[in-house]
Structure formats: C-alpha cells, structure tokens
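Notes for the one structure printed next.
Keep in mind that what you see is a predicted model, and the values were worked out from it rather than measured.
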Amino acid sequence: MDRLQAIYHIRCDAQSIDERAQAIAVEQSVEMPLAAIDDKRVLSEIVGRVEGIRELGAGLFEARISLSAATVGRDAGQLVNMLFGNTSIHDDVVLHDAEIPDDVAAVFGGPRHGLDGLRRRVGAGKRALTCSAIKPQGLPPAKLAELARRFADGGIDYIKDDHGLADQAYSPFAERVAAIAAALRGAAAHYVPSVTGDLDAMRGQIAIARNAGIDTVMVAPMVAGVSNFHRLVTDNPGMAFLTHPSLAGAARIAPPFHFGGLFRMLGADAVVFPNHGGRFGYSPATCRAIAQRCLENRNGLRPCVPVPAGGMNRERVPEMLEFYGADIMLLIGGGLLEARERLTAATAAFVAEVQAWKA
C-alpha cells in the first residue's frame, strides 16, 4: 500500500522489453546507475520495481512498475513527475493507467462536490445535466452576456466560457464576469467563467467570481499546471471546478486515467473530454472508459461528472444519452449557437429532450 503502480504501454521488440522496463523503473525513481547507490534503504524502498510484463500484441507490451509513494510528498506536480516525467520524453511509451493507494488519493481529496453536488445546484434530480459555451472569443462582455441570457432563457443548467476566453483587452475577466452575472440575475442557470493566468491571477479571478455570486469555475489543468489546479481546489472548497482538456493530448497519458483518474483525484467536479464522432479522434471505447472512470467507486472519492463535447449537436442527444446514461453533462456549444436568432428556442428544445429522456 506504500507504492504506486504505474502501468505503461511500450512499443518494443520482445528481446528488449525486460531491459526497457527496468530502465523505466530506474528512470522514474532514482534516475542514476544503481551501481552508484550504496544506501540500502534507497535500493530497497525508493528504486522502482518491475512487477510484471505482458505482451499485448505484436511489438506492444504492458509493464507494471511500482514506485515509492513517499517520493510524491503532497504535491500533484510531483505525482505526475514520478509517474511519467522523464519517460514521457520517449515517444514509444504511454502512461496507460496508475493505481494509487487510498492514503495518497486522500491527500488530494477528489471532487468536493461532484455529480450529486452539481445536480443539487440546479435542482436536476437524477437526470442528465445540460451545458453550453459562450463564444467566439473576440466579442465584448455585453455581447457575451446577451448570449448567456439567451441560453438561460432556454433553461440550460450551466453556461461556461469558451476556453479561449481569458483576460483579453476585448473582454477583460472582471468586466465579463460582472456583465454575465448581471444578465443571469434571477435565472436558474449557473455561469462558469474560465480561470486563466498564473496562480496569483487565477486566485484573483476566483475571488472576483465568488464576489459576483458565482459558484463554479473552469480550469485547464495542463495549461495552468496540475499543482496550481489542486491548490485552487484546496483553497476554495465551496467552489466547484470543471476541467478543460486543452493541452492534455501532448502528455501521452491514456485519457481514462488522465481525465477520470488524475483530474478527478485532484479535485475536478466535472471533466470535459472529446466525444467520439466529433472534431477529435477518440473512439467509443475510449469515451466509455473515461465516463466509467469518472463515476466508478475508487479510492473512496466522489464521482465526477463526465462531460463529452467537441462538435456535438442536438441530433446526437438521444444517441449520447443511450450511450452514457443519465450520469452525464451534455455540452453543446456551436451546435446551438448556429441557430443564431433562434438560440433560445434551440436551447429549450435541447433541454426538453434531455429532461424527457428515460433510461
């Protein structure tokens, strides 16, 4: 229980896999020749251990390597560093999964609100949640606020910033939040501003959002840094956090662990990920595995909300509900915005279809 189990997929020939796995075990732990280490505790406890290797197919192997949990400390960035830091530089290795001891997961805490909390905030009962995004970036706060109000008039649950909205001159964060909060006053919809910048900037933006009565924000952990993301979650227990997948594809971490495992453990209450059949190349099997990992009982953590997105439209709503079930947040952005002057009606039809669905 005092060791992490990192599971790597390695492209390699059968004659070299034992040596490759051992090299990864050393690289991800002490990063030096074992012959140069004379400390018995380091050799017995800190050095990574190859626990097993199995062939998955021609030239593809799975290696399970255990790493000392003591090397993580209490830092999310160090956790990622120990699991896949230097080894991520090798383009023939993927971090497929990791098994985290309960006491390590407890350090990070998981979602503070999760699926049940986000449902309670909008009175959703056990139904699927609905969400859309205000865009494009380049619009001033007043026009973004008008879009938000039209979404809210259609009955949507959550309205998030497009992830490209930051603190730009054409839409400063403070002005945007004030305008949208005012536009949604009295509405049931919850606005989810995108929090960006360095740690001080993000802390300031969360304070602005909280003072405007906002209780949910969005962060891209791979852009902001996983340690910064976890610090924001820890310091703001009343705030719910939705995560965006921007830059996640550069990490070569398998999506089910990346979104449903790592982001969830660090405190994501809802995780946006690319749905199959949209603008990105995830398969149905990958998407199902992400959703299952978000929701499954693991390490005693609350379930977080899977949010499939990326080029979705209203025509796919029945299919997505059948595929994922009701424990989901359906996010349709451009697919609603293209209705233009009929945006509120299109949103209302989307919401009605979700609310009427029965498993």
Side-chain angles (χ1 to χ4, degrees), residues 113-136 143-163 165 180-194 213-218 240 242 244 269-275 277-278 287 291 294-295 303-359:
H113 308 276
L115 175 62
D116 291 341
L118 292 185
R119 276 174 163 160
R120 278 195 301 271
R121 289 183 175 192
V122 295
K126 295 297 184 181
R127 67 164 171 82
L129 295 164
T130 57
C131 181
S132 194
I134 50 174
K135 56 173 89 177
K143 288 193 174 181
L144 294 171
E146 180 185 351
L147 289 174
R149 184 68 216 191
R150 292 167 69 190
F151 277 132
D153 287 346
I156 207 152
D157 295 319
Y158 290 92
I159 305 165
K160 78 171 191 70
D161 279 347
D162 177 63
H163 81 280
L165 289 173
I180 293 174
L184 296 185
R185 196 162 292 128
H190 286 234
Y191 171 46
V192 185
S194 178
I214 290 165
D215 59 10
T216 310
V217 296
M218 182 175 76
L242 184 150
H244 191 277
D269 296 291
V271 292
V272 179
F273 64 91
N275 192 41
C287 293
C294 287
L295 297 166
C304 70
V305 188
V307 189
M312 297 301 101
N313 54 47
R314 280 178 48 210
E315 288 69 29
R316 294 198 60 188
V317 168
E319 167 211 333
M320 293 171 70
L321 288 169
E322 289 294 334
F323 185 83
Y324 291 106
D327 293 339
I328 202 81
M329 180 186 289
L330 295 183
L331 169 54
I332 302 179
L336 292 177
L337 287 166
E338 67 181 358
R340 300 179 66 133
E341 67 275 2
R342 297 188 61 259
L343 176 59
T344 296
T347 302
F350 165 46
V351 170
E353 190 163 21
V354 172
Q355 293 181 349
W357 185 79
K358 303 292 183 184

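- The two atoms that bring A189 and I159 nearest to each other are CB-CD1, 3.8 Å, heavy atoms only.
- Side-chain contact check for L336 versus R314: some heavy-atom pair is nearer than 4.5 Å.
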(request) Show your working on side chain to side chain contact (heavy atoms under 4.5 Å, CB included) between R150 and T347 and close with a plain yes or no. (result) CA-CA 8 Å; R150 292 167 69 190; T347 302; over 6 Å; no

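- Of all heavy-atom pairs between V351 and G154, the closest is CG2-O, 3.7 Å.
- Atom CD of E338 is separated from atom CG of L343 by 11.0 Å, given to the nearest 0.5 angstrom.
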(message) side chain to side chain contact (heavy atoms under 4.5 Å, CB included) for R316 and N275? Distances and angles first, verdict last.
(response) CA-CA 11 Å; R316 294 198 60 188; N275 192 41; 3.6 Å; yes

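- The shortest heavy-atom contact between A183 and A145 is CB-O, 3.7 Å.
- What you find for M320 and M312 is that their closest heavy atoms are SD-SD, 3.7 Å.
- Ring planes of F273 and Y324: perpendicular class, angle over 60° (limits at 30 and 60°).
- Without hydrogens or angle criteria, R119 side chain to K126 main chain gives a donor-acceptor distance under 3.5 Å.
- With contacts defined as side-chain heavy-atom distances shorter than 4.5 Å, the pair K160/L165 does not qualify.
- Considering only heavy atoms from C-beta on, L330 comes within 4.5 Å of L321 through its side chain.
- Side-chain contact between P303 and D327: absent, with no pair of heavy atoms (C-beta onward) separated by less than 4.5 Å.
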(message) With side chain to side chain contact (heavy atoms under 4.5 Å, CB included) as the criterion, how do D269 and V305 come out once you've worked through the C-alpha distance, each side chain's angles and the decisive distance to 0.1 Å?
(response) CA-CA 6 Å; D269 296 291; V305 188; over 6 Å; no

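- No side-chain heavy atom of L242 sits under 4.5 Å from any side-chain heavy atom of Y158.
- Nearest approach of L147 to K135, heavy atoms of both residues: CD1-O, 3.5 Å.
- Of the charged side-chain nitrogens involved, none lies within less than 4.0 Å of a carboxylate oxygen, so that R120 and D116 do not count as a salt-bridged pair.
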(message) Using the rule given for side chain to side chain contact (heavy atoms under 4.5 Å, CB included), can you reason through F350 versus I156, listing the C-alpha separation, both sets of side-chain angles and the distance that settles it, and then say yes or no?
(response) CA-CA 8 Å; F350 165 46; I156 207 152; 4.0 Å; yes

(request) Dump the intermediate steps for salt bridge (Lys or Arg N to Asp or Glu O under 4.0 Å) on R127 and D157, then the final yes or no. (result) CA-CA 11 Å; R127 67 164 171 82; D157 295 319; 2.9 Å; yes

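- Nearest heavy-atom pair, L118 versus M329, reported as atom, atom and distance to 0.1 Å: CD1-CE, 4.3 Å.
- Two residues are said to be in side-chain contact when any heavy atoms from C-beta on lie closer than 4.5 Å; S194 and H244 fail this criterion.
- Between D162 and I134, every side-chain heavy-atom pair lies at or beyond the 4.5 Å cut-off.
- A heavy-atom distance below 4.5 Å is found between the side chains of T216 and R121.
- Atom-to-atom distance recorded for I328:CD1 and L115:CG is 9.5 Å, nearest 0.5 angstrom.
- Remark: L337 CG to F151 CZ distance equals 4.0 Å, nearest 0.5 Å.
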